[in-house]
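Below is one structure, written out as structure tokens; comments come after it.
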Amino acid sequence: MNYTSLERRILLIGIFSSTAGVIFYTYFLSYFFRTRLKNRVRYKFGYLFVAILYLGLLYLIFMFGCFVTDIVKGPVTKEVVITERWDPRRGGDQVRTSDGHTYEMAEGYVDLQEGRRYKVKIFRASRFIIGIEQIR
């Protein structure tokens, strides 16, 4: 399947960032266990800390799987009505559609108006809108 440069950039950023997170977590967990076994120190909340780290690791593996799923399946095109749009502090603008899903817009500024019908190209698993055009 051929991808545009924007689609490749989104997929590569997602894969590389989740891979870097998994590598960091793996190193951090091994360092934590090595120092704990070496010093024979009992931490009060050690098991809770390890459980939180493992949940973070599982989340990163899940995000990696979402981006791999998007690579395999490719982008999906569908028609939606934009019901809400807002700008969070991190990432791109968030958009809620008529089907109840929330997506993040990958492109920069796009003139969207709530209540209008658009033809969107999305990565379904990672919930990114990569292309949008208004239907008249």
Side-chain angles (χ1 to χ4, degrees):
M1 179 172 279
N2 294 330
Y3 292 105
T4 64
S5 64
L6 175 67
E7 294 167 352
R8 284 193 304 267
R9 182 173 52 104
I10 291 168
L11 292 172
L12 287 176
I13 287 173
I15 286 177
F16 287 148
S17 62
S18 59
T19 303
V22 167
I23 290 171
F24 171 76
Y25 266 88
T26 304
Y27 173 75
F28 190 71
L29 281 174
S30 65
Y31 176 77
F32 179 75
F33 282 126
R34 191 170 10 131
T35 56
R36 186 171 177 182
L37 291 174
K38 182 179 178 183
N39 296 334
R40 303 261 187 229
V41 176
R42 297 275 182 195
Y43 295 110
K44 226 177 198 181
F45 295 103
Y47 294 114
L48 178 65
F49 183 67
V50 169
I52 290 171
L53 285 177
Y54 274 122
L55 287 176
L57 185 62
L58 285 175
Y59 174 75
L60 287 171
I61 291 171
F62 173 75
M63 290 305 296
F64 180 79
C66 286
F67 283 106
V68 170
T69 302
D70 283 335
I71 288 174
V72 171
K73 288 187 175 181
V76 177
T77 303
K78 65 183 194 177
E79 294 182 10
V80 295
V81 175
I82 303 298
T83 57
E84 187 180 0
R85 176 184 182 174
W86 68 96
D87 182 19
R89 293 284 177 193
R90 64 139 203 104
D93 289 0
Q94 300 284 322
V95 173
R96 182 163 293 129
T97 60
S98 57
D99 59 358
H101 294 252
T102 303
Y103 298 101
E104 182 174 341
M105 295 186 54
E107 294 181 10
Y109 178 76
V110 177
D111 188 23
L112 283 180
Q113 296 175 358
E114 295 177 1
R116 294 212 172 163
R117 181 174 292 278
Y118 292 93
K119 182 179 175 183
V120 295
K121 191 175 180 184
I122 60 171
F123 283 129
R124 189 175 296 245
S126 55
R127 302 216 180 259
F128 274 105
I129 294 179
I130 53 175
I132 189 162
E133 79 180 52
Q134 183 177 354
I135 299 173
R136 299 197 187 257

Atom pair [atom1] ([X]) and [atom2] ([Y]), whose distance is rounded to the nearest 0.5 Å:
{"X": "Thr102", "Y": "Gln94", "atom1": "OG1", "atom2": "CD", "result": "7.0 Å"}
{"X": "Thr83", "Y": "Arg85", "atom1": "OG1", "atom2": "CZ", "result": "12.5 Å"}
{"X": "Leu112", "Y": "Met105", "atom1": "CG", "atom2": "CE", "result": "4.5 Å"}
{"X": "Thr19", "Y": "Ile61", "atom1": "OG1", "atom2": "CD1", "result": "10.0 Å"}
{"X": "Ile82", "Y": "Arg96", "atom1": "CD1", "atom2": "CZ", "result": "11.5 Å"}

Connected via hydrophobic side-chain network under 4.5 Å: [X] and [Y]:
{"X": "Phe128", "Y": "Tyr59", "answer": "yes"}
{"X": "Ile23", "Y": "Phe64", "answer": "no"}
{"X": "Phe24", "Y": "Leu57", "answer": "yes"}
{"X": "Leu58", "Y": "Leu53", "answer": "no"}
{"X": "Val68", "Y": "Phe62", "answer": "yes"}

Over all heavy atoms of both residues, which pair between [X] and [Y] is shortest? Give the atoms and the distance, please.
{"X": "Cys66", "Y": "Ala125", "result": "O-CB, 3.5 Å"}
{"X": "Glu114", "Y": "Glu84", "result": "OE2-CA, 3.7 Å"}
{"X": "Tyr103", "Y": "Ile129", "result": "CB-CG1, 3.6 Å"}
{"X": "Ser18", "Y": "Leu60", "result": "CB-O, 3.8 Å"}

Side-chain contact, heavy-atom cut-off 4.5 Å: Ile130 with Ile122?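 With C-beta onward as the side chain, the pair stays apart.
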Going by heavy atoms in the side chains, are Val80 and His101 under 4.5 Å from each other?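 SC-SC contact between Val80 and His101 ruled out.
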Under the criterion side-chain contact (heavy atoms from CB on, under 4.5 Å), I'd like the reasoning laid out for Lys78 against Thr97: C-alpha separation, chi angles, the key distance, then a yes or no. CA-CA 11 Å; Lys78 65 183 194 177; Thr97 60; 5.6 Å; no
Does Arg124 have more than 12 heavy atoms from other residues, nucleotides or ligands lying within 6.0 Å of its CZ?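 No.
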I'd like to know whether Gln113 forms a side-chain contact (heavy atoms from CB on, under 4.5 Å) with Tyr118, so could you lay out the CA-CA distance, the side-chain angles of the two residues, the decisive distance to 0.1 Å, and finally the verdict. CA-CA 10 Å; Gln113 296 175 358; Tyr118 292 93; 4.1 Å; yes
What pairs of donor and acceptor atoms, side-chain ones from residues 5-16 against any protein atom, are under 3.5 angstrom apart with sequence neighbours left out?
unit_1	atom_1	unit_2	atom_2	d
Glu7	OE1	Thr4	N	3.0
Glu7	OE2	Lys121	NZ	2.9
Arg8	NH1	Tyr3	O	2.6

